[in-house]
Amino acid sequence: MLDLKLVQKQPEILERNLKVRHSKLSIEDFQKLDGKRRALIAEVETLKSERNKASQEVALLKREGKDASARIAELGGLSDRIKALDAETEEARQAVTDWMMGVPNIPDASVPVGKDETENVEIRRWGTPPSFDFEPKPHWDLGTNLGGLDFERAVREAGSRFVITFGWAAKLERALINFFLDEHEKQGYIEVATPFIVNRATMTGTGQLPKFEEDLFRLREQDYYLIPTAEVTLTNLHAGEVLNEEDLPRGYTAATACFRSEAGAAGRDTRGLIRMHQFNKIEMVRFSHPDDSFNQLELMTGHARQLLEELELPYRQIVLCTGDMGFSSAKTYDLEVWLPAQKTYREISSCSNCVDFQARRANIRFKPKGGRTQFVHTLNGSGLPTGRTMAAIIENGQQKDGSIVLPKVLVPYMHGVECIEPAKGK
RNA sequence: GGAAAGGUGUCCGAGUCGGCCGAAGGAGCUCGCCUGCUAAGUGAGUAUACGGGCUUAAACCUGUAUCGAGGGUUCAAAUCCCUCCCUUUCCGCCA
């Protein structure tokens, strides 16, 4: 959520923001709602002030042993009027909050203005896409042929956009989780295990609710939601808390399952591991001093890049334009990994600086020495989803006979296995 | 699931028969004094949000709200009543 004062006092900034982010909200609506809210507050507070004064008089009279019944009688209708006005005020307040909750974060000045993903800007490339003397196969064919990925049984047990892994593939995923967590720990992150189910307040804190309810899985009959990313649980770790300045910056990492309804993605990436209802992801979250958060974004993105480099996976880094950024973000870098079968780079990590947008919603603050408490800045980044990483490893490591050479760093995690071979005589 | 006790400011912790309680006291923190330095001592200060005034803005002044959340009783609720959430302990049940 943005700062209310900013919206009130500098509507031109907001107007520009709504435009570059293609929001349909209008500033005039806000001004009407906010005007109404303020008028009601002024009115009801005047009445309350009256009531408080009168109550004190009554208290005084009683203490002096005098009769206060006349004064009390005068106040008969006041409380009822206050109650009615209070309800109206609350409604007006809620209307303003609802409006504010729908406003996306303001992009940083360094973010390119653009309409959609076609206007994102590539800023870095690493590695060379492997060349093959045969037609590279998609990971779903390779993985299925090697007996590791089973989409058919997953459909039977759950539905589309699920996968069941067997043997080497299940182990590979476990290896990746351990490898990623180990690396993040070396990079200074604190490893955390969090719930996969959270309440409404938590989902609201990071910005998934109220606007994006249809993207989430919700538990039946309860106000519980399955997390779409550990960003939710990690960022909310400090919800409502006041941190010490010397605690900043601080980083957390967690490996969790992630659940996404993928509403609106019908027909996209229907095959393979790219877009699942359930997947595992290792997430990084950082809490930063406001003055330092954009440095922290560079640092954290570097942490994600390091993983891809250690896995020897070619990638490029792009900065998302205003039209393609997420709701809560002020600046986002995406890392895209090379997928040989599609002959294209696909998103594998997204690192965002949300500045104070989530901190304001979740009320995460810090107290500078001698200064007023203020909101921290929050950042989050994928320290890689296992599914997409496995897809990249499988496709980039494939050989003509359908076997897959694994990245060297994973060999110890795979207990010495260097290559996934087709079963003999099959 | 049953029973009991609780949830107060950055933290700990008082709040009697509802009424000068935004809330005693302590710790911490900030600023000053003192001390050769540190420790100790000593004085003052130390919540947040929103409305209004003033202002370029801040500071400031003023009002309102906030003692787990929501509702009720009352002229008036941290204090009484109801519902819910959470914590602790005991019992039951299941891993």
Side-chain angles (χ1 to χ4, degrees), chain A residues 1-13 30-101 194-195 197-205 209 219 221-225 233 236-248 250 287 290 356-357 359-376:
Chain A
M1 192 157 64
L2 299 180
D3 184 2
L4 185 67
K5 290 242 159 46
L6 176 87
V7 182
Q8 288 169 338
K9 291 186 176 162
Q10 295 177 278
E12 66 282 357
I13 291 180
F30 168 80
Q31 284 162 345
K32 258 182 247 164
L33 293 171
D34 192 48
K36 186 177 176 194
R37 174 185 134 267
R38 291 208 235 180
L40 281 166
I41 287 175
E43 194 180 347
V44 74
E45 288 195 350
T46 306
L47 292 181
K48 282 183 179 176
S49 176
E50 245 176 71
R51 182 179 66 181
N52 288 347
K53 258 188 234 130
S55 288
Q56 278 178 20
E57 285 172 32
V58 170
L60 206 68
L61 288 173
K62 291 219 166 180
R63 211 170 312 126
E64 291 170 356
K66 294 177 186 163
D67 179 36
S69 55
R71 197 78 188 88
I72 290 173
E74 283 172 39
L75 296 167
L78 194 56
S79 277
D80 288 337
R81 275 199 289 149
I82 289 175
K83 200 174 291 179
L85 262 183
D86 251 343
E88 214 178 314
T89 306
E90 186 47 43
E91 236 170 77
R93 213 187 287 270
Q94 192 58 48
V96 171
T97 304
D98 288 349
W99 194 90
M100 290 290 291
M101 283 290 200
T194 77
I197 299 172
V198 298
N199 58 31
R200 166 168 292 269
T202 299
M203 280 296 185
T204 307
L209 289 178
L219 265 58
E221 308 297 343
Q222 272 171 314
D223 220 8
Y224 282 150
Y225 298 82
T233 44
N236 279 288
L237 279 178
H238 292 303
E241 295 182 13
V242 178
L243 304 173
N244 295 317
E245 189 171 21
E246 57 267 27
D247 290 337
L248 302 175
R250 174 176 287 197
F287 295 86
D356 60 0
F357 189 85
R360 185 171 288 109
R361 285 176 166 241
N363 194 24
I364 308 166
R365 296 169 296 165
F366 77 101
K367 188 160 176 58
K369 291 180 201 71
R372 293 164 66 83
T373 55
Q374 53 183 303
F375 292 114
V376 302

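Numbered from 1 within each chain, the chains take letters A, B, ... in sequence-line order.
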Rounded to whole angstrom units, what separation is found between the CG atom of A:L6 and the P atom of B:rC50? 13 Å
Determine the Euclidean distance between corresponding C1' atoms of B:rC93 and B:rA76; express it in Å to zero decimal places. 48 Å
Rounded to whole angstrom units, what separation is found between the CD atom of A:E45 and the P atom of B:rA65? 7 Å
Distance check: side-chain N/O of A:R37 vs OP1/OP2 of B:rG51, anything under 4.0 Å? yes
Starting at atom CG of A:D80, determine the distance to atom P of B:rU74, rounded to an integer number of angstrom. 9 Å
Any-strand Watson-Crick or G-U partner of B:rA27, both distances under 3.5 Å: B:rU10
Where the side chain of A:K83 is defined as all heavy atoms beyond and including C-beta, which of B:rA58, B:rG72, B:rA65 is the nearest nucleotide? B:rG72
Measure the distance from CG on A:L47 to P on B:rC75 and round it to the nearest whole Å. 16 Å
Using OP1 and OP2 only, check whether a side-chain N or O of A:R38 sits under 4.0 Å from B:rC50. no
Walk me through whether A:T202 and A:N199 qualify under side-chain hydrogen bond (donor to acceptor under 3.5 Å, both in side chains). CA-CA 6 Å; A:T202 299; A:N199 58 31; 2.9 Å; yes
Passes salt bridge (Lys or Arg N to Asp or Glu O under 4.0 Å), A:K83 versus A:D86? Steps please. CA-CA 5 Å; A:K83 200 174 291 179; A:D86 251 343; over 6 Å; no
Over how many whole Å does the gap from A:R360 atom CZ to B:rA49 atom P extend? 10 Å
Determine, stepwise, if the pair A:I41 / A:R38 fulfils side chain to side chain contact (heavy atoms under 4.5 Å, CB included). CA-CA 5 Å; A:I41 287 175; A:R38 291 208 235 180; 5.7 Å; no
For A:R360 against A:M1, the heavy-atom pair lying closest together: NH1-O, 2.8 Å
Please classify the nucleic acid contact of A:S79 as base, sugar-phosphate, or nothing, using heavy-atom distances under 4.0 Å. sugar-phosphate
Which residue lies toward the 5' end of RNA chain B, A:D3 or A:R51, if each is placed at its nearest nucleotide? A:D3
Counterpart residues, ring pair (Phe, Tyr, Trp, His ring centres under 6.0 Å), relative to A:F375 (two or more places apart): none
Using a cut-off of less than 4.0 Å, is there contact between a side-chain N or O of A:N363 and OP1 or OP2 of B:rA49? no
Would you be so kind as to tabulate the donor-acceptor pairs closer than 3.5 Å made by side chains of residues 89-98 of chain A, with sequence neighbours excluded?
from: A:T89; atom 1: OG1; to: A:L85; atom 2: O; distance (Å): 2.7
from: A:Q94; atom 1: NE2; to: A:D98; atom 2: OD1; distance (Å): 3.0
from: A:T97; atom 1: OG1; to: A:R93; atom 2: O; distance (Å): 3.0

A:L78 CG to B:rU74 C1', in whole Å, measures 13 Å
Phosphate oxygens OP1/OP2 of B:rG63: is one of them under 4.0 Å from a side-chain N or O of A:N52? no
Pairwise N/O distances under 3.5 Å, protein to nucleotides 17-20 of chain B:
from: B:rG19; atom 1: O6; to: A:K62; atom 2: NZ; distance (Å): 3.3
from: B:rG19; atom 1: N2; to: A:S55; atom 2: O; distance (Å): 3.3

By the 4.0 Å heavy-atom rule, please label A:Q8 as base, sugar-phosphate, or nothing. sugar-phosphate
Please figure out whether A:K5 or A:T46 has its closest RNA chain B nucleotide nearer the 5' end. A:K5
Just how far, in rounded Å, is P of B:rA49 from CE of A:M100? 14 Å
Within less than 4.0 Å of OP1 or OP2 of B:rC75, is there a side-chain N or O belonging to A:K53? no
